[in-house]
Each structure stands twice: as structure tokens, then as C-alpha cells.
Amino acid sequence: MSFNASLANLFDRMSAMLELTGADRFRVNAHAKAARVIRDHATDLEPIARDPKALTAIDGIGKGTAAKIAEFAETGSIAEHDELAGRVPPGVLEMLNIPGLGPKTVKLLWEEKGIESIHALKDAIEDGSILDLPRMGAKTVENIKESIAFIESSGKRLHIGVAMPVAEALVARMLNTAGVTRCAFAGSLRRGKESIGDIDVLVSTTDPEAARAAFCEHSSVTKVLARGEHKCSVRLSLDGLGGRFAAETEAAIQADLRLIPESSWGAALMYFTGSKEHNVRLRERALAKGMTLNEWGLFPEDRNDSTPPQQRGVPAVASETEASIYEALGLPFLPPTVREDRGEFDLKHTPRLIEVADIKAELHSHTVASDGEMTIEESAAKALERGFHTLAITDHSQSSAVANGLKPERLREHIKRVRAANEAVDGITLLAGSEVDILVDGNLDYDDDLLQMLDILVASPHAGLKARPAQATKRLLKAISHPLVHIIGHPTGRLIERRPGMEPAMDELIAAAIEHDVALEINAHWMRLDLRDTHVRAAVEAGCKIAINCDVHAPGDYDNLRYGVLTGQRGWLPPEQCINTWDHQKLHDWLRSKR
DNA sequence: GCCGTTTTCGGCCCGACTGTTTTCAGTCG
């Protein structure tokens, strides 16, 4: 695990353990925030770990945290963490993962009943001894029991590519319900995060009961967690929603419905889109301007009245649109994908971020020659449908044996076939390329004289993904410096929630990519999204070229483009910095410049 | 523990819902 990730995990654990031992809640929050900014930080903190000035320049890191980071760099541990870990059993921390169980209850279970693990908790539920605790009734116990079953069966975060179609189906269903005038999803899905904890759906309606019924009584609902006036919460099984997710049929997800008056639509959309951290900063900003912000709107602040302003009939300063609220707070409109409290409040104008419509070329695709499902011509037809001017055919190289990688002789024939297809197909340029393995030693999988024949070269790591960071960096730097390489494909090789991939020094890769005029890829497949958002942000700030590719294997893969674009947006990627947006002339001039 | 366009001390976001209560604590987002 990287320095930043290890450190962030320690701070997360410290935050939880402080809470469980009754520490001041602001100290608890400060540790949680430190964990977040450390995890989100795009460059490795180890080189500056002994430089308190550089560390405290990062928002959320003060003197105390800087000292702990230095201690971790020096000794590999943090004394405060170890001291806390000596007092809080690991199983107690684990209980915090049970939905509906928070720190107060876990503390109570631990201190009053000596329950120190989920296993012991199950025993206490079975023998009924848990009922002795205050505020612990039959219904609460039943909910805890179901929550444990939920996290033990699935309960994991879902890939954006799985959650998005479910959310779109939900929105379509609600829009088809009598009385519904507006409907949209919000939450981390709208922010384009790579994985999703739950789905938030907002509706405005003239018939609230019909909306509640449409939401809570659908056949895919396995449990109704809440059904209130303004909010319903359900657990869904995914196989009830179209059966498109064969591998995910075990999966379940929570979905929340919020009933919103039209007049508060913007405030609610903003509130439920988050992120939580972004919202906190917005509300602080509102207070500083003598106003208060909630999901009903932005209101004048009245310190003398604790009744929420919307209940007193106070007219809102702004509430109907997100843009009007940002404006009233003296901010430009901030697109959902940048709302992470990662510096967006310093923006003077709404950034022009990349959009799906900007993409004009797919530069990473596979055909039946290796492990794809389509012929060259079939893939070209799909690319044409999207209005692309260029499609690069980049089948696997020889070392990718399981993917039917091409031996040198087959590649030579394949190049001829692509060139012939390019002559035959109108309206699009087909490039003869290859996705060449970056071998464990950093060398490429074909000889240079063969590579020289290719119009485009995507170099990607496929094996040896457990290499240590230093080794991974060396390997990738060698590939980047190869003069024939255009693009580094899925640079870390990670699979979201499945395989961590490599953790190279991303700042070094970015610097080398700029020096050697190489583009780093955002692989748009929702299982990869590699580069990830924070890496993109670092690359964008450094001025590195980015490619967004679908890594096409099947017809539907072209539809993954939007996930790559969302990841680009989360990295603040402007269209001109992404080579897939360039017009034909500019793109092909650049490709030829490396031949 | 962090932070400063009123502050280097004294603050630190806001409301809905559930389950257990009989006025509210805990959790969530």
C-alpha cells in the first residue's frame, strides 16, 4: 500500500477510536478530515513528510497532524494510534461498518455488554441479552440483524457502471408515475464517483402518495427501511431491474427517494448531490455572509430563532436552481463532478470540463483477432455511429496469451487487414495499432522494427501488477521514454474493488510523460477507470496529455465513454488537453510526430 | 485538531426519520 493510503487508513482508524473512547468530537472530525485529504492528495507525501511547512500548507493538516506524518515516515507507526489500538479491540471498530449502528451504540455494546466483535454481537442478539440495553427494543434488534446479513452477503459499494443504469431506470419509472413533475438522481452517482454506496432520487410531485408507492412497492424492493413524508428508503435487489448484471445478481443496493417542493428543487439537488465536505464548506460560507443554507434553500440567518426558516415562512434568498444559490454565495456555478472540497471554492469561473460530445476518436480497441467480439468493420460502424473521425485498432501483443495476443507474423498480417479496411470504409480513419504489453522489466513486447510499422502504439501493463512501487515506477518510466509510444494504457492496472494494481510515483510518471510527449490514458471501462480522478487532476495541473479510451472489446463498450469522461471531469480535465477531442489533422499530425 | 475578508481564541453545518420514548437520542447523508 502506498504511503498516503497507509497513512490515511491510520488516521481513519484514529478518528474512529477517538470517537469510541469519548474524545472531543471536533478532534474526531479533524482526524477524519486529515485522513481524507491525505488519501485524496495526488502526490506522494513521503518526500515532504519531514517538512512541516509544506505539510501544513495543505488544507486540513495542521501542526499536530504534520508531526504525526513525520513520525510515521520516521518509524512506520504513530504512537497515538498504537496507544488507542491497545484500548479499542479491532472487532469493535468493525461493528461501525454495520448500517444503522453508530459510535454511540457500538460504545454502549462494548462498555456495557463487553461485546467486542460482530460475532459476539450476533450471540447477544440470539440469546436476547442485548435487549437489556437502554433504547434497545425488538425492532432495533431486528434491524441490526438484517444489517449484519446485508453486509455479510453484499453491502459493498457498487461500480458506477452497475449503479448508473439502475438509477436511470428508477428515474424513468418515477417520471412515468402520475403527478411527478421533476425527477433526477443526485449523490455520488451525479458526481461521477467510481463506486456508489447508495442511489439518491429526487422527485417533485403533485401526488406524493403515488410517488411513495411507485418507489416502495416495486418488485425489486426487498426491504423498506423508511417511509416518511419527505423521505423513503429501500433496499433493492439488482436482478429485479433488467437482469443485465449477471455477475452482480447477488448484489443489493440501498436507494433513497426524496420528495421535494418545486420551489426548493435547486437547494435540494445541491444538498443531496454533496459531497458532504462540499456542503459543509457551502454552509460555512453562507453563515459568513449572514445566511443559512439547508435543503430547502438559502435564507437570511436569524440567530434569535431556532425554528428552521422555511417553517417560519421566511422567503428564501435563493432556492429554485443550484446556479442561483452559488451566485448568492458569491461563487461561480460548480459542476457536480468537482464538488469534493478539493480546491473548487477558489475557482473564479465555471470551468469548461470535458464532455462526451467533445470526444472524436477511440484510440484503444480490440477485434476478433485477439479477444474482442467485433470485426474491424463492425467496430468501425459503431465508432461511426458515435460520430468519431478516427478509430485505432489495437489488439493485444504476443505476451497476452490468454487474450490471444498476436505473434509478430500475425500482427504483420493484421496491419495489412486494417489498412485494407481503412480503404474500404468511408467516413472514418482506421489506424493500425497495438496494445503492447509493458513487460515486467519495462521493455515492450515487440521489436522496434515491428513497432515502427504501427500508426499508433498503446503500451499497457497487464502482468506483474503486484510489483513494489519503486519497481513499478521504473518499469513504467522505461515504457514512457520509449520513442515510439503514444499512450500508456490503464497505467496502474487496478480493478476497482477487486485488485489494487500498481502504485507508481505518479508525479514522476507525469513529468516523464510531459518530457517524452506521451499521453496517459483514462481507461473508461467502469471496472478500471485508470487513471483515477486524483491522478488525472495531478496530470492536468502539470500539463500532461490525457487520452480517454473505451478499450473496446464488445459493441456496448463504446457506451462506457461517459464513465471515462466523468473521471476526466473529476480531474478538472479541459477538452483541449485530451487528445481524443482533437480534430483529425491535429491528432494525426501528433501521432506521426512520433514516427 | 484546525483555522482566520470581524477572530491567534473560540468557534467548528443542518434537517429528516426511526424507535424508543412521553420529549428525544442516535444515525444518516
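Source: prediction; values computed, not measured. Letters go in sequence order (proteins before strands), and every chain restarts at 1.
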Item checked: Residue Lys276(A), side-chain atoms from C-beta onward, closest of dG29(B), dG15(B), dC24(B) -> dG29(B)
Next item on the list: Please check the phosphate of dA16(B) (OP1 and OP2 only) for any side-chain N or O of Trp296(A) closer than 4.0 Å.
Entry: yes
Notebook entry, point to check: So what does Leu293(A) touch, heavy atoms closer than 4.0 Å: a base, only the sugar-phosphate, or nothing?
Noted result: sugar-phosphate
Check: Can you tell me how far C1' in dT18(B) sits from the matching atom in dT22(B), rounded to whole Å?
Finding: 16 Å
Check: In whole Å, what separates the C1' atom of dT5(B) from that of dG1(B)?
Finding: 24 Å
Next item on the list: Would you please confirm or rule out a distance under 4.0 Å between OP1 or OP2 of dG15(B) and any side-chain N or O of Asn294(A)?
Entry: yes
Checklist line | Nearest-angstrom distance, C1' atom, dT21(B) to dA25(B) | finding: 9 Å
Item checked: Nucleotide of dC13(B), dA16(B), dG1(B) approaching Glu80(A) most closely (side-chain heavy atoms) -> dG1(B)
Notebook entry, point to check: Which of these nucleotides, dC3(B), dG19(B), dC13(B), is closest to any side-chain atom of Asp59(A)?
Noted result: dC3(B)
Margin query: With a 4.0 Å cut-off on N to O distance, would you call Asp341(A) and Arg281(A) a salt bridge?
Written below: yes
Notebook entry, point to check: Does a sphere of radius 6.0 Å around NZ in Lys145(A) hold more than 12 heavy atoms from other residues, nucleotides or ligands, not counting ones at 6.0 Å or beyond?
Noted result: no
Check: Given dG15(B), dT27(B), dG29(B), which nucleotide is nearest the side-chain atoms of Pro103(A)?
Finding: dT27(B)
Next item on the list: Please determine which of Leu298(A), Leu334(A), Thr321(A), Leu282(A) meets the side-chain contact (heavy atoms from CB on, under 4.5 Å) test together with Met270(A).
Entry: Leu282(A)
Notebook entry, point to check: Can you pull the side-chain hydrogen bond (donor to acceptor under 3.5 Å, both in side chains) pairs that have at least one residue in residues 60-71 of chain A, sequence neighbours excluded?
Noted result: His31(A)-Lys68(A), Lys68(A)-Glu80(A)
Next item on the list: Can you sort out which residues in residues 14-31 of chain A have a heavy atom within less than 4.0 Å of DNA chain B? Ascending by number, please.
Entry: Asp24(A), Phe26(A), Arg27(A), Ala30(A), His31(A)
Check: When you compare dC12(B) with dC17(B), how far apart are their C1' atoms, in angstrom units rounded to a whole number?
Finding: 25 Å
Next item on the list: For Ser233(A), answer base if it contacts any base atom (sugar-phosphate contacts may also be present), sugar-phosphate if it contacts only those atoms, and nothing otherwise; contact means non-hydrogen atoms under 4.0 Å.
Entry: nothing
Checklist line | Given dC14(B), dC17(B), dG29(B), the nucleotide with the shortest approach to the side chain of Arg283(A) | finding: dC14(B)
Notebook entry, point to check: Contact class for Lys33(A) (heavy atom, under 4.0 Å): base, sugar-phosphate, or nothing?
Noted result: nothing
Next item on the list: For dT27(B), take OP1 and OP2 only and decide whether either is under 4.0 Å from a side-chain N or O of Thr105(A).
Entry: yes
Notebook entry, point to check: If you check every side-chain atom of Glu284(A), which of dC13(B), dT27(B), dA16(B) has the closest atom?
Noted result: dC13(B)
Check: So do the side chains of Arg235(A) and Val221(A) get within less than 4.5 Å of each other, counting heavy atoms only?
Finding: no
Note to self: Is there a side-chain contact between Thr292(A) and the phosphate of dC14(B), meaning an N or O under 4.0 Å from OP1 or OP2?
What the structure shows: yes
Check: With rounding to whole Å, what would you report as the distance between dG4(B) and dT8(B) at their C1' atoms?
Finding: 8 Å
Check: If you measure from the C1' atom in dC13(B) to the same atom in dG29(B), how many Å do you get, rounded?
Finding: 12 Å
Notebook entry, point to check: Hey, does Pro134(A) reach any base, or is it just sugar-phosphate, or nothing, if we go heavy atoms under 4.0 Å?
Noted result: nothing
Next item on the list: Considering only atom P, compute the distance from dG10(B) to dG15(B) and round it to an integer number of Å.
Entry: 27 Å
Item checked: dG19(B) - base-pair partner by Watson-Crick or wobble geometry, distances under 3.5 Å -> dC24(B)
Next item on the list: Give Lys68(A) one of three labels, base, sugar-phosphate or nothing, depending on what nucleic acid heavy atoms sit under 4.0 Å from its own.
Entry: sugar-phosphate
Next item on the list: Output the single nucleotide from dG29(B), dT20(B), dG26(B) whose closest atom is nearest the side chain of Lys139(A).
Entry: dT20(B)
Check: Nearest to the side chain of Glu229(A), which nucleotide is it out of dC17(B), dC2(B), dA16(B)?
Finding: dC17(B)
Item checked: Nearest-angstrom distance, P atom, dA16(B) to dT20(B) -> 22 Å
Next item on the list: Describe the nucleic acid contact of Ala138(A) in one word from base, sugar-phosphate, nothing, applying a heavy-atom distance below 4.0 Å.
Entry: sugar-phosphate
Next item on the list: Check every atom of dC14(B), dG19(B), dG15(B) against the side chain of Pro309(A) and return the nucleotide holding the closest atom.
Entry: dG15(B)
Note to self: Heavy atoms from C-beta onward define the side chain here; which of dG19(B), dG26(B), dG1(B) lies closest to that of Asn143(A)?
What the structure shows: dG19(B)
